[in-house]
Q: 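For reference, the structure I am asking about is given below.
Side chains included, hydrogens not; waters and symmetry mates left out as well; all remaining heavy atoms used.
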Amino acid sequence: MTDATLRHPGTHRLRTLGRDLLGLAVIALVGLAGYVLFPDNLAFLTRVISVALLVLSLDLIVGYCGIASLGQGALYGAGAYAAGIACVHGVTEPFLLILIGAAAGAVMGLLMGAVMLRAHGLPQLVLSIAIVQLLHEAANKASSLTGGSDGLSGMVPAPLFGIFEFDLWGRSAYLFGLALLVIVFAALRLITRSPFGMVCRGLKEDPLRISALGIYAFPVLLKMFVISGAVAGMGGALAAIATQVVGLDSVSFEISANALVMLVLGGIGNLYGALIGTVIFMALEHIVAAINPFHWMTLVGAVLIAIVLFAPRGLSGTLDEIARLLTRNRWGAGR
C-alpha cells in the first residue's frame with residue numbers, strides 16, 4: 001500500500017471502483033460483440049462462458065488460497081447433474097435451475113473441502129483426483145438417475161421470463177449466460193477484495209503469520225471451497241440448460257485438468273486472467289481443431305508450452321508488466 005493510498009483512502013476506493021466498473025463494462029461489451037459477430041457460434045460461446053465460471057471457481061482455491069486441485073470437475077458436474085435431474089423431474093425455471101446447480105456445487109465443495117483440507121501439498125492433489133474419479137464412476141453407475149454413459153437427456157427449460165425460448169441457435173442461452181457471468185464476476189471481485197479475501201491471500205502467502213494472529217485456517221478455507229463450489233455449480237447448470245443434456249464429460253478429470261491449464265495460461269490469482277485464459281485456450285482449441293482435426297492437440301500443446309515458457313505469470317501478468325513498463329517510461333519522459 002503506497003503513501004498516497006494511506007493519505008487519500010477515499011480517492012483510492014473511487015479509483016478501484018472505477019476500474020472494476022470499467023472491467024465489467026469491457027466484459028459485457030466483448031460478450032455483446034461476440035453475439036453480433038458470431039451469431040452462428042453462440043452455442044460454442046455459451047460453453048466458453050460456462051467453462052469460464054469453472055475456471056473462476058478454480059482460481060478462488062488455487063490462486064487465492066494456494067490449494068492444489070485437479071478435481072474441480074466434481075463441483076461443475078454436481079451442478080450440471082443437479083440442474084439436469086431437477087429439470088427432467090419438472091423444475092424448468094432457468095433461474096431456479098441455476099440456484100439448484102449452485103446449491104449442489106456448494107454442498108459438493110463443502111464435502112470436497114472437508115476431505116482435501118486434511119492434507120497438504122501433493123496429497124491434496126491426489127485427493128482431488130480421487131474425488132472427481134469417484135464422482136465420475138458414481139454418475140456412470142447410477143444410470144437410472146443420471147443416464148450413465150448415454151447421458152441425461154429430456155431437459156426442456158422454460159422460456160426466460162416466459163418469453164425468450166432456449167432455441168437451437170442458442171441466443172437466449174448465450175445472453176442469459178453472459179448476464180450470469182457479469183453478475184458472478186462482480187460478486188467475486190467484492191469477495192476477493194473483502195477482509196475474508198485478504199485472509200485467504202494471507203494464508204497462501206504466509207500461513208504462520210496468519211495463524212499467529214489467532215485465525216484458524218480450516219474454516220476460512222472451507223468457506224472458500226463452498227463459494228468455489230457454488231460458482232462451478234452455476235457453470236455446470238448453465239451448460240445443462242444450454243445443451244439440454246448432461247454427459248459424463250461434465251464430471252471428468254479431463255475438464256478439471258483443462259481448467260487448470262486455462263488458469264495457468266491466463267494467470268493465477270487474477271480473476272481477469274481466468275477469463276483471458278479460458279477464452280484463449282478454447283478459441284485456440286476450436287480454431288486449430290477445425291484446421292487440423294488429426295494433430296490439433298499437438299499444435300495446441302506446442303503453443304501452450306511457448307506461452308508458459310515466455311510468460312510464466314500468465315497472459316494477464318505479462319499484460320500487467322507491459323502496462324507498468326509503459327507507465328514508468330511515460331512518467332520518466334514527463335519528468
Side-chain angles (χ1 to χ4, degrees), residues 16 18-38 41-42 44-65 69 72 76 174 177-193 197 201 228 231-232 234-235 238-239 255-289 299-327:
T16 301
R19 285 195 296 268
D20 286 343
L21 291 176
L22 179 61
L24 292 173
V26 169
I27 293 171
L29 289 174
V30 170
L32 292 174
Y35 181 84
V36 174
L37 296 175
F38 306 103
N41 291 296
L42 294 181
F44 168 71
L45 294 179
T46 305
R47 174 162 174 76
V48 172
I49 292 175
S50 70
V51 175
L53 290 170
L54 170 64
V55 180
L56 284 170
S57 73
L58 181 61
D59 197 21
L60 293 178
I61 59 175
V62 175
Y64 288 88
C65 297
S69 176
Q72 204 71 2
Y76 182 84
Y174 178 72
L178 179 60
L180 178 65
L181 177 64
V182 172
I183 292 170
V184 169
F185 191 88
L188 294 185
R189 290 293 286 178
L190 291 175
I191 290 172
T192 55
R193 290 267 182 84
R201 280 186 176 274
S228 174
V231 175
M234 283 189 276
L238 175 62
I255 195 171
S256 303
N258 285 344
L260 187 58
V261 171
M262 295 177 207
L263 182 59
V264 173
L265 177 63
I268 295 176
N270 186 333
L271 296 178
Y272 290 106
L275 295 184
I276 293 171
T278 304
V279 172
I280 295 296
F281 180 90
M282 296 194 70
L284 187 64
E285 183 183 61
H286 187 69
I287 294 169
V288 175
L299 298 174
V300 170
V303 172
L304 291 176
I305 289 172
I307 291 175
V308 171
L309 287 178
F310 294 103
R313 294 178 55 203
L315 294 175
S316 63
T318 302
L319 291 174
D320 288 341
E321 189 64 29
I322 292 172
R324 192 177 297 111
L325 290 174
L326 290 175
T327 304

Q: Would you please name every residue forming a salt bridge (Lys or Arg N to Asp or Glu O under 4.0 Å) with Arg47, sequence neighbours left out?
A: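 Applying salt bridge (Lys or Arg N to Asp or Glu O under 4.0 Å) to Arg47 gives none.
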
Q: Between Leu263 and Ala274, what is the shortest heavy-atom contact and its length?
A: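 Here Leu263 and Ala274 meet closest at CD1-CB, 4.2 Å.
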
Q: Just jot down the side-chain hydrogen bond (donor to acceptor under 3.5 Å, both in side chains) partners of Ser50, sequence neighbours excluded, or say none.
A: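 With sequence neighbours excluded, Ser50 shows a side-chain hydrogen bond (donor to acceptor under 3.5 Å, both in side chains) to Tyr76, given in chain and number order.
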
Q: So which atom in Arg19 and which in Tyr272 form the shortest heavy-atom distance, rounded to 0.1 Å?
A: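 Smallest interatomic distance, heavy atoms only, reads O-OH, 4.1 Å.
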
Q: To the nearest 0.5 Å, what is the distance between CD1 on Ile49 and CZ on Phe44?
A: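 CZ of Phe44 is found 11.0 Å from CD1 of Ile49.
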
Q: Atom OG1 of Thr46 and atom CG of Asn41: how far apart are they, to the nearest 0.5 Å?
A: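 Answer for the OG1-CG pair, Thr46 versus Asn41, is 10.5 Å.
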
Q: Assess whether side-chain contact (heavy atoms from CB on, under 4.5 Å) is satisfied between Leu60 and Thr192, documenting all intermediate values.
A: CA-CA 8 Å; Leu60 293 178; Thr192 55; 4.1 Å; yes

Q: Can you list every side chain to side chain donor-acceptor pair (under 3.5 Å) pair that touches residues 52-61, not counting sequence neighbours?
A: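 Qualifying pairs, neighbours excluded: Ser57-Gln72.
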
Q: Closest approach of Met262 and Phe281, non-hydrogen atoms and distance?
A: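 Looks like CE-CD2, 3.5 Å.
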
Q: Donor-acceptor pairs are to be reported for all side-chain atoms of residues 23-32 against protein atoms at under 3.5 Å, with residues two or more places apart or in another chain.
A:
none

Q: Would you name the heavy atoms of Leu275 and Ala52 that are closest together and state the gap between them?
A: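 For Leu275 and Ala52, the tightest heavy-atom pair comes out as CD2-CB, 3.9 Å.
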
Q: Please tabulate, for side-chain N and O atoms in residues 177-186, each donor-acceptor pair with protein atoms closer than 3.5 Å (sequence neighbours left out).
A:
none

Q: CZ/Arg189 to CG/Asp20 distance, rounded to the nearest 0.5 angstrom?
A: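 Here the interatomic distance stands at 4.5 Å.
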
Q: Please name the pair of heavy atoms, one in Ala259 and one in Leu54, separated by the smallest distance, quoted to 0.1 Å.
A: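 So the minimum-distance heavy-atom pair works out to CB-CD2, 3.9 Å.
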
Q: At their closest point, which heavy atom of Val48 faces which heavy atom of Thr278, and how far apart are they?
A: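 So the two residues come closest at O-CG2, 3.7 Å.
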
Q: Sequence neighbours left out, what passes side chain to side chain contact (heavy atoms under 4.5 Å, CB included) with Leu45? Give chain and number order.
A: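 Result, side chain to side chain contact (heavy atoms under 4.5 Å, CB included) vs Leu45: Phe38, Leu42, Tyr174.
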
